[in-house]
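Working notes, structure below.
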Amino acid sequence: MTGDTPKVTFSVVAPIYNERENVPELYRRVRSSLEGMGEPWELILVDDGSTDGSTDAIRALAAHDPHVRRVLFARNFGHQIAVTAGLDHSRGKATIIIDADLQDPPEIIPEMAARWREGFEVVYAVRAEREGESWFKRFTAALFYRVIYRITDVKIPLDTGDFRLLDRKVVDALGRMRERHRFLRGMSAWVGFRQIGVPYKRVARQAGETKYPFRKMLRLALNAVTGFSYFPLQLATYFGFTSAGLSILAIPVVIVMRLAGSPAFTGQATTLIAVLFLGGVQLISLGILGEYIGRLYDEAKGRPLYVLREAPDDPTG
Ligand code: UDP
Ligand code: MG
């Protein structure tokens, strides 16, 4: 490290996975928003293993404007990891995380910065409205935020995404949390500090398709649940007690019915249904255990969160 590291007030971090059409417009809008604030800034573009030429667009921007710094992954590591790499490289007193598809308008950054100057360390953007997304996406998102809110131990604000401003202290705290299966919204709620929301209208993607197919959304949801709650693990216990309790109650009932000459509970079907039902519950419980154990195993390996192809301070070439 050289002694003359530039002083940066605002770092903007954008994860990019195949967003070729969006990169130039993102740069233009972030620049005009940040130049309006009259403070030194940087834009960190993290290429999460794009295959559509986004990488070259990022390289070109970084070569042409020293405000732009590039972090290029060796492959696709996923959105949450890409944001983490951006945070790891950010130098600002405050860092803003923003999606590259311009669903998060850079124009509200000055408003977020104003709340930060009032003393809030986490300023998250709240989706007051969403447009241009399917009812399925909106429904699953709404359900997801509500389930997470109920069953996790940290109070993650409803309808917030990763679009947020984080004070240096928060970025440093997150930097020390190296868990592999990351849910940054939860993590940034977990660290505490003074937090506040700023409402915004989430518009449709500027170009391209969502990079979050159902499979990735499900994985993120599982990371959120397993990362912040033991509730699914306890389900097996609750269920075990309930079914054991019910079967004890059933013993005298069945004896009395038999003595009274009732033909109930004599068929194979009853047995079969009970066996299949309990077998199913047991397999589901095993699956839940598996989700936690797999994550434990990943953590135990202690691999780095990401591998870089090019880092910001590498010479351009
Ligand atoms: N993204 C990424 N890696 C991935 C998937 C997505 O870096 O594996 C980026 C993507 O380029 C975008 C942001 O994460 O900047 C949010 O993704 P997207 O807009 O597809 O998600 P949605 O808004 O549909 O939930
Ligand atoms: Mg998007």
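In listed order, ligands and their atoms are each counted from 1. One-based numbering along the sequence shown.
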**Asked** What is the ring orientation for H89 with Y306, classed by angle as parallel under 30°, tilted 30 to 60°, or perpendicular over 60°?
**Response** tilted
**Exceeds 12 heavy-atom contacts within 6.0 angstrom, atom CZ of R117** = yes
**Prompt:** Heavy atoms under 4.0 Å from ligand 1: which residues qualify?
**Reply:** P15, I16, Y17, E19, D48, N76, G78, H79, D99, A100, D101, Q103, K137, R202, R205, T210, K211, Y212, K216
**Prompt:** So, do R185 and Y124 sit near enough that their side-chain heavy atoms are less than 4.5 Å apart?
**Reply:** no
**Request:** Measure centre to centre between the rings of Y17 and H79, then say whether the value is under 6.0 Å.
**Result:**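 So the answer is no for these two rings.
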Between the side chains of [X] and [Y], does any donor sit under 3.5 Å from an acceptor?
X	Y	result
D101	Q206	no
R164	S188	yes
T55	D47	yes

**Asked** Tell me, which N, O or S atom in D101 is closest to the Mg ion (ligand 2)?
**Response** OD2
**Prompt:** Under 2.8 Å from the Mg ion (ligand 2), is there an N/O/S atom belonging to T210?
**Reply:**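 No - counting backbone and side chain alike, T210 has no N, O or S atom under 2.8 Å.
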